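Each remark here refers to the structure printed beneath this line.
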Amino acid sequence: TTLFRSHRDIAVAALQLGDRARADTVMAELAERSTAFGSPFLMRATKVYAAACAAMEGRFRDAKELTAEARKYGRPEELGVALAYVAMVTAIRLEEGRAAELVDGLAALEPDFPVAWRALAGSVLADVGRRAEAQAILDELAVEGLSRIPRDWFFPIAVGRLAEMCVALGDAGAAQHLLPHAQPFRGQLFIASAGTFVDGAGDRAVGHVFAVLGRVDEALERYAAAASLEDSVGATALSTRTRYWHGRLLLDRDPRQGRALLDQVHADADRLGMRLLAVQAAQAAEAAEAAEATPAAATATVAAPEPNL
């Protein structure tokens with residue numbers, strides 16, 4: 001089992017660095033061995049990996065089926081198995097835009113759950129507009145050194161979710177604390193719990209932090225790098241979410257390009273079944289268009305000649 005775990009970890013590390021081909025090759029070898037040895041660990045590991053890949057690609061129905069299959073190969077009473085299952089289901093539902101269904105449960109997590117789940121809960125609270133509750137979690141966790149968050153399998157997820165809270169809430173102080181912990185993840189994917197799910201590129205988190213700190217050019221570069229890495233591993237759902245944030249930031253720099261990107265995000269999210277993201281992209285584009293039109297309309301009204309009475 002130790003040897004098999006090391007192979008699983010090699011695959012996860014390869015995916016984390018953007019080498020999808022290497023990761024797939026190693027996991028395919030493990031899948032063959034799982035059949036030969038009849039190992040529940042191997043069978044679960046290969047199903048978990050396949051589910052994570054399906055989710056990041058936007059194949060949410062496949063991801064759910066694979067998650068259910070993975071659960072069959074673990075003992076439900078084991079905390080690790082239970083956490084993995086909950087994490088996988090939660091990640092899939094969030095990408096589908098079902099945050100409203102999950103937010104109350106996430107906000108009331110039991111102490112047995114990893115601390116990083118508090119960051120996940122906070123990002124979901126911010127996403128559904130419960131800003132005060134989200135801010136309380138950000139204030140709790142985004143302290144100097146991120147000292148309240150263990151450096152475990154879930155730490156990368158915490159960093160990514162805290163960064164999303166920073167940009168959603170516009171908290172520059174928290175962003176300053178987060179920046180040195182987000183920077184080392186540039187060029188990598190955030191992957192939780194030995195491959196349970198993929199939560200986007202580290203460059204997206206760095207982009208969030210730069211955006212809040214007003215370092216717009218650097219933020220735009222990081223968003224572009226994040227989407228490129230996500231696309232390179234076939235993670236269409238992840239790159240669509242990154243481009244949403246990229247498009248929003250572009251609205252102030254180049255409104256036409258920003259709206260075009262958000263329109264594309266809306267179309268892609270709608271096609272993939274990412275309902276909340278599709279709505280958010282459409283609303284952001286419409287609000288920007290209305291804001292841009294209002295001054296022009298006001299100017300036109302002021303400049304118009306008086307009617308000849």
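Nothing here was measured: the structure is a model prediction, and the numbers come from that model.
- Residues Met56 and Leu238 have side chains in contact (heavy-atom distance under 4.5 Å, counting atoms from C-beta outward).
- For Glu221, the side-chain hydrogen bond (donor to acceptor under 3.5 Å, both in side chains) test picks out no residue, with sequence neighbours left out.
- The pair Arg61-Glu96 fails the salt-bridge criterion, with no side-chain N (NZ, NE, NH1 or NH2) lying under 4.0 Å from an Asp/Glu carboxylate O.
- Applying the side-chain hydrogen bond (donor to acceptor under 3.5 Å, both in side chains) rule to Asp24 yields the partners Arg20, Tyr49; only residues at least two apart in sequence or on another chain are considered.
- In this structure, Val265 shares a hydrophobic cluster with Phe60, Ile92, Val167, Val212, Val216, Leu220, Tyr223, Tyr244, Trp245, Leu249, Leu250, Leu251, Leu261, Leu262, Leu272, Met274, Leu277, the cluster being traced through Ile, Leu, Val, Met, Phe, Trp and Tyr side chains under 4.5 angstrom apart.
- The shortest side-chain heavy-atom distance between Met165 and Asp171 does not fall under the 4.5 Å cut-off.
- The side-chain hydrogen bond (donor to acceptor under 3.5 Å, both in side chains) contacts involving residues 272-283 comprise Asp127-Gln280, where partners must be two or more places apart or lie in separate chains.
- Glu140 and Arg118 are joined by a salt bridge, as a carboxylate oxygen and a charged side-chain nitrogen come within less than 4.0 angstrom of each other.
- Not a single donor-acceptor pair under 3.5 Å links the side chain of Arg256 to the backbone N or O of Asp254.
- Residues that satisfy the salt bridge (Lys or Arg N to Asp or Glu O under 4.0 Å) test with Glu29, not counting sequence neighbours, are absent from this structure.
- Using modelled atom types, one finds no donor on one side chain facing an acceptor on the other under 3.5 Å when comparing Thr67 with Arg71.
- With sequence neighbours left out, Glu286 forms a side chain to side chain contact (heavy atoms under 4.5 Å, CB included) with Ala282.
- Formation of a donor-acceptor pair under 3.5 Å by the Glu218 side chain with backbone atoms of Gly214 is not found in this model.
- Between Ile191 and Pro156, the closest side-chain pair of non-hydrogen atoms is not below 4.5 Å.
- The backbone N or O of Ala224 sits nowhere less than 3.5 Å from a side-chain atom of Ser228 that would complete a donor-acceptor pair.
- Rounded to the nearest 0.5 Å, atoms CG (Leu66) and SG (Cys53) are 9.5 Å apart.
- The residues Asp62 and Arg59 are annotated as salt-bridged, a charged nitrogen and a carboxylate oxygen being separated by less than 4.0 angstrom.
- Hydrophobic cluster membership of Leu17, counting Ile, Leu, Val, Met, Phe, Trp and Tyr whose side-chain heavy atoms lie under 4.5 Å apart directly or via other members: none, as it forms a cluster of its own.
- Residues that satisfy the side-chain hydrogen bond (donor to acceptor under 3.5 Å, both in side chains) test with Glu95, not counting sequence neighbours, are Arg241.
- Inter-residue side-chain proximity for Phe190 and Arg161 is flagged as unmet; no heavy-atom pair is nearer than 4.5 Å.
- Under a 4.5 Å side-chain heavy-atom cut-off, the cluster of Ile, Leu, Val, Met, Phe, Trp and Tyr residues that includes Leu276 has no other member.
- With respect to Lys72 and Glu69, no salt bridge is recorded, no charged nitrogen being found less than 4.0 Å from a carboxylate O.
- Note: Phe185 and Phe155 have tilted aromatic rings, judged against thresholds of 30 and 60 degrees for the angle between ring planes.
- Counting only heavy atoms from C-beta outward, the side chains of Arg44 and Lys47 never approach each other to under 4.5 Å.
- The side-chain heavy atoms of Lys64 and Val89, taken from C-beta on, include no pair separated by under 4.5 Å.
- Arg222 has its side chain out of reach of Arg204: every pair of non-hydrogen atoms, C-beta onward, lies at least 4.5 Å apart.
- Using modelled atom types, one side-chain atom of Ser232 and one backbone atom of Leu229 make a donor-acceptor pair closer than 3.5 Å.
- Salt bridge annotation for Asp217-Arg253: present, with a cationic side-chain nitrogen under 4.0 angstrom from a carboxylate oxygen.
- Residues passing the side chain to side chain contact (heavy atoms under 4.5 Å, CB included) test with Ala91 are Phe197, sequence neighbours excluded.
- With sequence neighbours excluded, no residue forms a side-chain hydrogen bond (donor to acceptor under 3.5 Å, both in side chains) with Asp152.
- Using a cutoff of 4.0 Å between basic side-chain nitrogens and carboxylate oxygens, Arg130 and Asp104 are scored as salt-bridged.
- In this structure Leu42 satisfies the side chain to side chain contact (heavy atoms under 4.5 Å, CB included) test together with Phe4, Leu30, Arg33, Ser34, Ser39, sequence neighbours excluded.
- Under the 4.5 Å side-chain criterion, counting only non-hydrogen atoms from C-beta, Arg243 is in contact with Asp231.
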